[in-house]
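Sequential numbering from 1 along the given sequence is applied to the chain's residues.
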Amino acid sequence: MRSGPPSPTGEKLGFCCQSLSDHAVSTDPPAERTGQRQNRGMRTRLGCLSHKSDSYNDFTAILPDKPNRALKRLSTEEATRWADSFDVLLSHKYGLAAFRAFLKTEFSEENLEFWLACEDFKKTRSAAKLASKAQRIFEEFIDVQAPREVNIDFQTRELTRRNMQEPSLSCFDQAQGKVHSLMEKDSYPRFLRSKIYTDLLSQTQRRLS
């Protein structure tokens, strides 16, 4: 769990800073567990303001290729197209890396990791592996106090829990759709205004000059 000094602005940060919870199963009453989760989430969200960096280096540090090689391959036209739509961004290797780096600055990368895990899960062809992969995704991202719990509503969580009784390739569809929508409406517009993205565009344009 990350923490930091309280924000003087009291700005609502939405789902950008999901708290990381313990692996152990709590024996506290449900109401008390809910209060504990809310307190942990608030402390983590407040801590985001003091830890956020949002720099171009956050992107180059996790590129799938070496930074210099990647920038030579990335054109200004390609990077500009990331602003066309959220799905265009997700479909581009370097766009995905840049967005992941941005989410790390907001401590909300679990949303993207869950979406990617679902995309990989839907490619599962082995019936023997389907149930075990579904269980791992549920325990890591969906279950209450999961290590990388994503921000979904109670109804979606319970529907996914019921789907786990007979796992199928579509058992995470509603949860994945909710997380995709949250990222598209919340994180994606901020990414387009971030230093990571604007500096990246400047780098590609400078290379052409």
Side-chain angles (χ1 to χ4, degrees), residues 1-2 13-23 25 37 40-41 44-45 48 58-59 62-64 81-192 194 196-197:
M1 178 181 70
R2 300 177 175 89
L13 300 182
F15 72 94
C16 77
C17 304
Q18 285 287 307
S19 60
L20 299 181
S21 54
D22 297 332
H23 290 273
V25 177
R37 289 178 57 215
R40 282 198 299 269
T44 303
R45 287 193 290 270
C48 286
D58 292 320
F59 163 64
I62 63 169
L63 276 172
R81 280 203 300 267
W82 300 348
D84 289 348
S85 76
F86 185 47
D87 288 327
V88 168
L89 173 71
L90 294 180
S91 66
H92 195 281
K93 178 171 64 174
Y94 298 143
L96 189 65
F99 187 58
R100 178 186 277 118
F102 171 74
L103 292 181
K104 284 180 178 292
T105 71
E106 297 200 333
F107 307 115
S108 60
E109 64 268 26
E110 70 276 0
N111 295 301
L112 180 60
E113 298 303 333
F114 169 67
W115 185 85
L116 291 171
C118 291
E119 289 295 286
D120 177 71
F121 174 75
K122 288 186 288 189
K123 299 174 184 176
T124 305
R125 293 294 174 261
S126 170
K129 294 181 179 180
L130 191 69
S132 61
K133 289 180 70 173
Q135 189 64 34
R136 284 198 300 272
I137 293 173
F138 184 85
E139 291 176 355
E140 184 171 4
F141 297 103
I142 301 294
D143 206 3
V144 176
Q145 295 190 348
R148 295 197 281 177
E149 183 179 352
V150 294
N151 189 2
I152 56 175
D153 58 85
F154 174 79
Q155 290 79 7
T156 300
R157 188 188 313 278
E158 291 308 301
L159 172 63
T160 308
R161 191 187 303 278
R162 290 194 297 271
N163 290 343
M164 294 298 295
Q165 296 174 7
E166 295 183 13
S168 68
L169 293 178
S170 61
C171 65
F172 295 110
D173 281 1
Q174 182 164 330
Q176 185 187 18
K178 294 278 187 178
V179 170
H180 180 282
S181 180
L182 284 171
M183 290 192 295
E184 183 175 27
K185 294 177 181 178
D186 190 6
S187 302
Y188 175 55
R190 289 201 305 276
F191 165 75
L192 296 178
S194 71
I196 287 179
Y197 182 54

*Asks:* Quick check: closest heavy atoms across A128 and S132, and the distance to 0.1 Å?
*Replies:* O-OG, 4.2 Å

*Asks:* With a sphere of 6.0 Å drawn around CD of E166, does it hold more than 12 non-hydrogen atoms of other residues, nucleotides or ligands?
*Replies:*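 It does not: E166 CD has 12 such atoms or fewer within range.
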
*Asks:* Any donor-acceptor pair under 3.5 Å linking the side chain of Y188 with the backbone of S85?
*Replies:*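 Yes, the answer is positive, given that a donor and an acceptor are paired below the 3.5 Å cut-off.
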
*Asks:* Which residue, Y94, F86, W82, forms the side-chain contact (heavy atoms from CB on, under 4.5 Å) with F99?
*Replies:* F86

*Asks:* Considering only heavy atoms from C-beta outward, does the side chain of E140 approach that of E110 to under 4.5 Å?
*Replies:*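 A side-chain contact under 4.5 Å is absent here.
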
*Asks:* Parallel, tilted or perpendicular: which one describes the rings of F114 and F141, with boundaries at 30° and 60°?
*Replies:* tilted

*Asks:* Quick check: closest heavy atoms across I142 and A175, and the distance to 0.1 Å?
*Replies:*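 Shortest heavy-atom contact: CD1-CB, 4.1 Å.
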
*Asks:* Distance from N111 atom CG to N151 atom CG, nearest 0.5 Å?
*Replies:* 7.5 Å

*Asks:* Do the side chains of R148 and E109 get close enough for a salt bridge, i.e. N-O under 4.0 angstrom?
*Replies:*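 Salt bridge: no.
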
*Asks:* Could you pull out the closest heavy-atom pair between C171 and A134, with the gap in Å?
*Replies:* SG-CB, 4.4 Å

*Asks:* Is a side-chain donor or acceptor of E149 paired with a backbone partner of Q145 at a separation under 3.5 angstrom?
*Replies:*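 Yes: the side chain of E149 pairs with the backbone of Q145.
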
*Asks:* Could you tell me if the side chain of F191 sits less than 4.5 Å from the side chain of L89, heavy atoms only?
*Replies:* yes

*Asks:* Are any of the side-chain heavy atoms of R100 and L103 separated by less than 4.5 Å?
*Replies:*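 Side-chain contact under 4.5 Å: no.
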
*Asks:* Check side chain to side chain donor-acceptor pair (under 3.5 Å) between T124 and all other residues, then give those that pass, not counting sequence neighbours.
*Replies:*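 T124 satisfies side chain to side chain donor-acceptor pair (under 3.5 Å) with K133 once adjacent residues are dropped.
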
*Asks:* Testing the basics here: between S168 and F121, what is the closest heavy-atom pair and its distance to 0.1 Å?
*Replies:*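 In this case the closest contact between S168 and F121 is O-CE2, 3.3 Å.
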
*Asks:* Return the CG to CZ distance between L130 and R125, rounded to the nearest 0.5 Å.
*Replies:*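 Here the rounded value is 10.0 Å.
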
*Asks:* When rounded to the nearest 0.5 angstrom, what distance separates CG in L112 from NZ in K104?
*Replies:*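 If I round to the nearest 0.5 Å, the distance is 9.5 Å.
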
*Asks:* Is a donor from one side chain sitting under 3.5 angstrom from an acceptor on the other, for D153 and T156?
*Replies:*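 Result is yes, a qualifying pair exists.
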
*Asks:* In Å, rounded to the nearest 0.5 Å, how long is the span from CG of D87 to CD of E184?
*Replies:*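 Output value for this atom pair is 6.5 Å.
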
*Asks:* Taking the side chain as everything from C-beta on, heavy atoms only, tell me whether M164 gets closer than 4.5 Å to F172.
*Replies:* yes

*Asks:* So, taking the atom named CG in N163 and the one named CZ in R161, what distance separates them when rounded to the nearest 0.5 Å?
*Replies:*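 Going from the CG atom of N163 to the CZ atom of R161 covers 11.5 Å.
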
*Asks:* Residues two or more places apart in sequence or in another chain: which of them pass ring pair (Phe, Tyr, Trp, His ring centres under 6.0 Å) with F138?
*Replies:* none

*Asks:* Does any non-hydrogen side-chain atom of E106 lie less than 4.5 Å from one of R190?
*Replies:*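 In short, these two side chains touch, coming nearer than 4.5 Å.
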
*Asks:* Give a yes or no on whether K122 atom NZ has more than 12 heavy-atom contacts from other residues, nucleotides or ligands under 6.0 Å away.
*Replies:* yes

*Asks:* State, yes or no, whether a side-chain contact exists between T105 and I196 at a heavy-atom distance under 4.5 Å.
*Replies:*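 A side-chain contact under 4.5 Å exists here.
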
*Asks:* May I ask you to decide whether R157 forms a salt bridge with D143, counting only side-chain N to carboxylate O separations under 4.0 Å?
*Replies:*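 D143 and R157: not salt-bridged.
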
*Asks:* On the 0 to 90° scale, with breaks at 30° and 60°, tag the H180-W115 ring pair as parallel, tilted or perpendicular.
*Replies:* tilted

*Asks:* Between atom OG of S181 and atom CD1 of I152, what is the distance when rounded to the nearest 0.5 Å?
*Replies:*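 Nearest 0.5 Å value for the OG-CD1 distance: 13.0 Å.
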
*Asks:* Is the backbone of V88 close enough, under 3.5 Å, to the side chain of S91 for a donor and an acceptor to pair up by distance?
*Replies:* yes

